[in-house]
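Below, all heavy atoms of this structure are taken into account, side chains as well, without hydrogens, waters or symmetry copies. One is the number of the first residue; the rest follow in order along the sequence.
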Amino acid sequence: MPPKRKGRAAMEPAEGDAAPPPPPRRSKSSGPNKGKKGGAACSGSVGRWPPIKPKKDLQINRLKGTHLLTVPNFFTSAEAKAFVDIAESMGFTHQGSLGPLKGEAYRDNDRISVTDPLLAQTIWESGIKRIFEDISISGKAAISLNPNIRFYRYTEGQRFGRHIDESVDLGDGSRTQYTLLVYLSGKGSAKDSSGQALVGGETVFYDHRGGVVAEVAPVQGMALLHLHGAKCMLHEARVVKKNIKYVLRSDVVFA
């Protein structure tokens, strides 16, 4: 069970805590099953991660050039479900914020954070590395995933308001430049057939005028990659209306 942390919710680097100006009005969330308050952080190989098969011939959908990409079937349904089962066995804790009126994006979800270089390398080698072979930023190339792996759980009524994801300096000239999300539940999951499909929870991206650039509905096993830092698009995770949304999160590191 991850340790408890008291007081103000922990704010992670590259987590997307920066609320945009002007701050949107905070809405009240009534999500059930909040779990314990505070952040959850674990180090080392935690849990028994499922084997991840290398993926060949991945389909890359460019929703906004190299700024926003989706990759269907990055995880198999079995891999996604195994991650959910392991995360639930570890135990989530609630992650909140002080809200836009205090300069923070509205946030209401549950999370786990682990530091596991081996898991990050396995996910990187399974297909993300090939996606970034031809993408460079200021002459720097993608070299790995951030070993800080996070799992998010959004129960009914929970959401993450409009925000940007910040870039993080990891030292030795390396810096995170892209957010990686892998949806562990959503359309295509085993629950679909039993009428327990996820409703809501879309990830929505906006341009500088507030117009919708893309609306991405969670599909089990699909990866979403978007540029973060100075050129990060404003985005949000819409409220989950039915059932539970699970997401694996990391960041692509350039050097």
Side-chain angles (χ1 to χ4, degrees), residues 11-18 41 43-46 49-76 79-80 83 113-152 163-184 203 205-208 213-214 216 219 221-235 237 247-255:
M11 295 292 118
E12 290 182 279
E15 185 72 23
D17 301 303
S43 298
S45 295
V46 181
W49 308 122
I52 304 172
K53 297 179 180 179
K55 308 302 190 302
K56 298 179 180 180
D57 302 320
L58 287 171
Q59 175 187 338
I60 303 172
N61 300 320
R62 296 176 182 265
L63 304 184
K64 186 177 173 58
T66 58
H67 284 64
L68 178 59
L69 315 167
T70 58
V71 186
N73 303 310
F74 180 70
F75 280 175
T76 66
E79 289 168 349
F83 272 113
S113 175
V114 300
T115 299
D116 195 323
L118 181 57
L119 175 59
Q121 181 182 5
T122 300
I123 297 172
W124 173 251
E125 296 288 347
S126 71
I128 299 297
K129 179 180 180 179
R130 292 196 300 276
I131 294 171
F132 281 87
E133 286 178 347
D134 299 322
I135 298 177
S136 64
I137 297 178
S138 300
K140 295 186 177 183
I143 60 168
S144 64
L145 284 187
N146 187 346
N148 179 210
I149 307 293
R150 286 135 283 173
F151 296 91
Y152 300 149
H163 63 279
I164 59 172
D165 295 351
E166 298 176 348
S167 176
V168 177
D169 186 349
L170 299 180
D172 299 325
S174 62
R175 192 174 191 91
T176 68
Q177 299 287 3
Y178 276 79
T179 295
L180 167 66
L181 302 178
V182 183
Y183 298 106
L184 303 179
T203 307
F205 293 84
Y206 300 92
D207 61 24
H208 66 284
V213 173
V216 182
V219 176
M222 182 174 73
L224 183 152
L225 291 146
H226 69 85
L227 193 65
H228 66 217
K231 295 184 178 180
C232 184
M233 285 183 285
L234 189 67
H235 58 285
V247 182
L248 180 149
R249 158 79 192 268
S250 186
D251 315 285
V252 181
V253 179
F254 282 67

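Under the rule for a side chain to side chain contact (heavy atoms under 4.5 Å, CB included), the partners of Ala255 that lie at least two apart in sequence or sit in another chain are Ile143, Ser174. Taking Lys129 as the reference, Trp124, Glu125 meet the side chain to side chain contact (heavy atoms under 4.5 Å, CB included) condition, with sequence neighbours excluded.
When all heavy atoms are compared, the tightest approach of Phe254 to Ile135 is CE2-O, 3.7 Å. Of all non-hydrogen atoms in Ala142 and Phe132, the two that sit nearest each other are CB-CB, 3.6 Å.
Of the residues Leu225, Ile131, Thr176, the one that meets the side-chain contact (heavy atoms from CB on, under 4.5 Å) test with Val252 is Leu225. Of the candidates Thr115, Asp251, Thr179, Asn146 forms a side-chain hydrogen bond (donor to acceptor under 3.5 Å, both in side chains) with just one, namely Asp251.
Summarising the geometry, atom CG belonging to Leu145 is positioned 13.5 Å from atom OH belonging to Tyr178; distances are rounded to the nearest 0.5 Å. Distance check: His67 NE2 to Cys232 SG gives 10.0 Å after rounding to the nearest 0.5 Å. Taken to the nearest 0.5 Å, the CD atom of Gln121 stands 11.0 Å off from the OG atom of Ser126. Atom CG in Leu180 sits 9.5 Å away from atom NE2 in His226 (nearest 0.5 Å). Between the CZ atom in Phe151 and the OG atom in Ser250 there is a gap of 10.0 Å [rounded to 0.5 Å]. Annotation: the span from Leu227 atom CG to Ile164 atom CD1 amounts to 11.5 Å, rounded to 0.5 Å.
Under a 3.5 Å cut-off, the side chain of Lys140 and the backbone N or O of Gly173 do form a donor-acceptor pair. Side chain of Ser144 to main chain of Val253: no donor-acceptor pair is present (N/O by atom type, distance under 3.5 Å, no hydrogens or angles). Between the side chain of Arg150 and the backbone N or O of Asn148 there is at least one donor-acceptor pair closer than 3.5 Å.
Within the 4.5 Å cutoff, the side chain of Arg175 has no heavy atoms near those of the Ile137 side chain. Here the side chains of Val213 and Leu63 are not in contact, with every heavy-atom distance at 4.5 Å or above. The shortest distance between side-chain heavy atoms of Val219 and Pro72 does not fall below 4.5 Å. Contact check for Lys53 versus Glu79: side-chain heavy atoms found under the 4.5 Å cut-off. Here the side chains of Ile52 and Thr76 are not in contact, with every heavy-atom distance at 4.5 Å or above.
No side-chain N or O of His235 forms a donor-acceptor pair with one of Thr203 less than 3.5 Å apart.
Ring geometry for Trp49 versus Phe83: interplanar angle of 30 to 60°, hence tilted.
Enclosure of atom CG in Asp169 by more than 12 non-hydrogen atoms of other residues, nucleotides or ligands within 6.0 angstrom is indicated.
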